[in-house]
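Working notes for the structure below.
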Amino acid sequence: MSTKEKLLEELLLEEDTLKQNEIVLFNDDVNTFDHVIDTLISVCDHTPEQAEQCSLIVHYNGKCTVKTGEYTDLKPRCSKLLQAGLNAEII
């Protein structure tokens with residue numbers, strides 16, 4: 001096995017051990033685009049453009065992954081989204 005193959009294999013193993021979760025935001029008929037955008041900026045550290053794109057994806061597709069990371073980082077963020085009246089869950 002070459003050094004390059006060994007490094008690639010180690011990288012793949014490392015990716016498998018770092019479990020990444022996602023916050024998925026779901027569409028609703030209650031919240032305005034502005035509220036969703038402002039909330040994503042403040043809670044998920046989105047740029048205004050990123051938050052706007054996510055809000056449009058949620059609107060047209062029904063859901064969108066808005067943040068990926070470790071569960072311990074996502075749990076308080078998801079709670080804040082829920083407190084703001086948005087419909088989200090960690091998967």
Side-chain angles (χ1 to χ4, degrees):
M1 179 181 289
S2 73
T3 305
K4 192 174 188 179
E5 289 174 329
K6 188 174 181 181
L7 288 174
L8 182 59
E9 184 179 336
E10 288 175 6
L11 236 164
L12 292 173
L13 287 172
E14 188 175 323
E15 286 179 9
D16 287 341
T17 58
L18 294 174
K19 177 72 171 131
Q20 296 289 301
N21 295 92
E22 300 175 345
I23 296 177
V24 178
L25 182 65
F26 295 95
N27 191 31
D28 62 43
D29 294 330
V30 178
N31 293 293
T32 64
F33 279 98
D34 286 339
H35 177 65
V36 173
I37 291 167
D38 292 341
T39 305
L40 289 174
I41 291 169
S42 66
V43 173
C44 296
D45 301 325
H46 283 201
T47 63
E49 294 81 11
Q50 185 180 14
E52 183 178 357
Q53 288 174 347
C54 285
S55 69
L56 290 170
I57 292 170
V58 168
H59 179 72
Y60 288 110
N61 293 344
K63 64 181 180 178
C64 178
T65 298
V66 294
K67 192 75 173 174
T68 302
E70 294 183 23
Y71 184 82
T72 54
D73 176 51
L74 299 183
K75 185 166 175 41
R77 293 178 190 268
C78 189
S79 294
K80 289 178 184 175
L81 292 174
L82 295 172
Q83 290 170 355
L86 303 182
N87 187 6
E89 71 177 24
I90 299 174
I91 58 166

Q: Please list, chain by chain and in numerical order, all residues satisfying ring pair (Phe, Tyr, Trp, His ring centres under 6.0 Å) with F26, sequence neighbours excluded.
A: none
Q | Smallest separation among heavy atoms of E22 and T65, with atom names | A | OE1-OG1, 3.2 Å
Q) With distance as the sole test, does H46 use its side chain to make a donor-acceptor pair with the main-chain N or O of Q53 at under 3.5 Å? A) no
Q. Does the side chain of P48 reach to within under 4.5 Å of the side chain of I41, using non-hydrogen atoms?
A. yes
Q: Taking all non-hydrogen atoms of both residues into account, name the closest pair between L25 and V58 and its distance.
A: O-CG2, 3.7 Å
Q: Hey, could you give me each pair passing ring pair (Phe, Tyr, Trp, His ring centres under 6.0 Å) that has a residue in residues 59-91? Not counting sequence neighbours.
A: F33-H59
Q. For the hydrophobic clusters of this structure (ILVMFWY residues joined by side-chain heavy atoms under 4.5 Å, transitively), does one cluster hold both V36 and I90?
A. yes
Q) To the nearest 0.5 Å, how far apart are SG in C54 and CG in N61? A) 11.0 Å
Q) For K63, does its backbone N or O pair with a side-chain atom of N27 as donor and acceptor, under 3.5 Å? A) no
Q.
Applying side-chain contact (heavy atoms from CB on, under 4.5 Å), can you list everything that pairs with T32, at least two apart in sequence or on another chain?
A. D34, H35
Q: Search all heavy atoms of T68 against all heavy atoms of Q20 and return the closest pair with its distance.
A: CG2-OE1, 3.8 Å
Atom pairs and distances, donor-acceptor, side-chain atoms in residues 77-86, under 3.5 Å, two or more places apart:
unit_1	atom_1	unit_2	atom_2	d
R77	NE	D73	OD1	3.3
R77	NE	D73	OD2	3.4
R77	NH1	V43	O	2.7
R77	NH1	D45	OD2	3.2
R77	NH2	D45	OD2	3.3
S79	OG	K75	O	3.1

Q: Not counting sequence neighbours, list each pair that qualifies as a salt bridge (Lys or Arg N to Asp or Glu O under 4.0 Å) and has a residue in residues 81-91.
A: none
Q: Just jot down the side-chain contact (heavy atoms from CB on, under 4.5 Å) partners of D28, sequence neighbours excluded, or say none.
A: V30, N31
Q.
Quick one, V66 and L40 - any side-chain contact, counting heavy atoms below 4.5 Å?
A. yes
